[in-house]
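Remarks on the structure that follows.
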Amino acid sequence: MTFPPDSSFSKDVRIRRNSEFKEVFEKGIRIQTPHFKVLYSPNNLGFPRIGVIVGKKTSLNAVGRNRIKRIVREVFRKNKVSFDSFDVVIIAKRNCKGLTYKNVEEEILGFAEKKLS
């Protein structure tokens, strides 16, 4: 089974190092959405990268936290084109427990279309 190269979620499109997160926190622009805090800053890589943070106060068990991360990453993976060449860090707020894929997609893409275009 082969997939188009753009549909993958490789390590290259993730913000993984503490220094990379720190750079976005220091230089990035902060936006509040109803269920997420979003920080973004331009990068020189030519493709977007994402980092997702879900704290224990959001969901006490790892299953809930990982579910939120999976949904956010999937929205990003399917809509990479909307994020141009930015580093984006998405921090989940406490009230995002029961969100569905559709809710997250509308919220994140709404932000991306308004702010990153």
Side-chain angles (χ1 to χ4, degrees):
M1 194 183 293
T2 60
F3 295 100
D6 199 36
S7 70
S8 67
F9 191 72
S10 66
K11 291 183 179 182
D12 296 338
V13 298
R14 299 178 196 176
I15 297 175
R16 300 181 334 172
R17 293 195 170 95
N18 193 26
S19 60
E20 294 168 341
F21 275 100
K22 195 178 230 180
E23 186 176 331
V24 176
F25 275 99
E26 289 173 358
K27 298 178 182 177
I29 299 168
R30 298 169 189 262
I31 301 292
Q32 299 276 340
T33 67
H35 298 100
F36 301 101
K37 295 177 188 174
V38 182
L39 292 90
Y40 64 95
S41 67
N43 67 33
N44 298 327
L45 302 173
F47 57 89
R49 297 189 310 166
I50 189 168
V52 183
I53 301 172
V54 183
K56 284 187 179 179
K57 290 183 179 180
T58 303
S59 179
L60 291 177
N61 59 4
V63 173
R65 292 191 299 273
N66 290 336
R67 181 177 182 279
I68 295 166
K69 290 179 191 178
R70 277 194 312 271
I71 292 172
V72 170
R73 287 182 186 134
E74 184 67 7
V75 168
F76 175 80
R77 185 186 70 82
K78 287 187 173 181
N79 301 286
K80 286 180 191 173
V81 177
S82 300
F83 292 93
D84 290 335
S85 182
F86 283 91
D87 286 342
V88 180
V89 174
I90 298 176
I91 305 168
K93 293 182 182 179
R94 288 185 185 183
N95 62 347
C96 71
K97 279 184 198 173
L99 290 178
T100 64
Y101 176 84
K102 192 71 173 165
N103 300 129
V104 174
E105 184 178 42
E106 289 172 1
E107 194 167 327
I108 291 177
L109 290 182
F111 147 77
E113 290 171 1
K114 289 179 189 173
K115 301 298 178 182
L116 301 179
S117 298

- request: Return the minimal non-hydrogen interatomic distance between Asn95 and Pro34, and the atom names on each side.
  value: ND2-O, 3.2 Å
field: CD1 on Ile90 to CZ on Arg73, rounded to 0.5 Å
entry: 10.5 Å
query: Shortest non-hydrogen contact from Pro48 to Lys80?
result: CG-O, 3.6 Å
Validation row: Lys69, Asn66 side chains within 4.5 angstrom (heavy atoms): yes
message: Checking side-chain polar atoms at under 3.5 Å, does Asn61 have a donor or acceptor matched by the opposite partner on Ser59?
response: yes
statement: dist Thr33:OG1 -> Glu106:CD (nearest 0.5 Å) comes out at 12.5 Å
message: Please give me the minimum heavy-atom distance between Gly46 and Ser85, naming the atom from each residue.
response: N-OG, 3.3 Å
message: Side chains of Leu109 and Ser82, heavy atoms from C-beta outward: is any pair under 4.5 Å?
response: yes
message: Quick check for you: to the nearest 0.5 Å, what is the distance between Ile31 atom CD1 and Lys37 atom NZ?
response: 13.5 Å
- request: Can you tell me which residue pairs pass the ring-ring contact (aromatic ring centres under 6.0 Å, His included) test with a partner in residues 48-77, sequence neighbours excluded?
  value: Phe76-Phe83
task: May I ask you to test the Thr58-Ile68 pair for a side-chain heavy-atom distance under 4.5 Å?
output: yes
Residue pairs involving residues 12-31 (criterion side-chain hydrogen bond (donor to acceptor under 3.5 Å, both in side chains); sequence neighbours excluded): Glu20-Arg49
Remaining members of hydrophobic cluster (4.5 Å side-chain criterion), Ile15: Phe21, Val24, Phe25, Leu39, Ile53, Val89, Ile91
message: To the closest 0.5 Å, what do you measure between CD (Glu105) and CD1 (Ile71)?
response: 11.0 Å
query: Taking the six-membered ring where the residue is Trp, are the ring centres of Tyr40 and Phe111 under 6.0 Å apart?
result: yes
query: Do Ile50 and Val72 come close enough that some side-chain heavy atom pair is under 4.5 Å?
result: yes
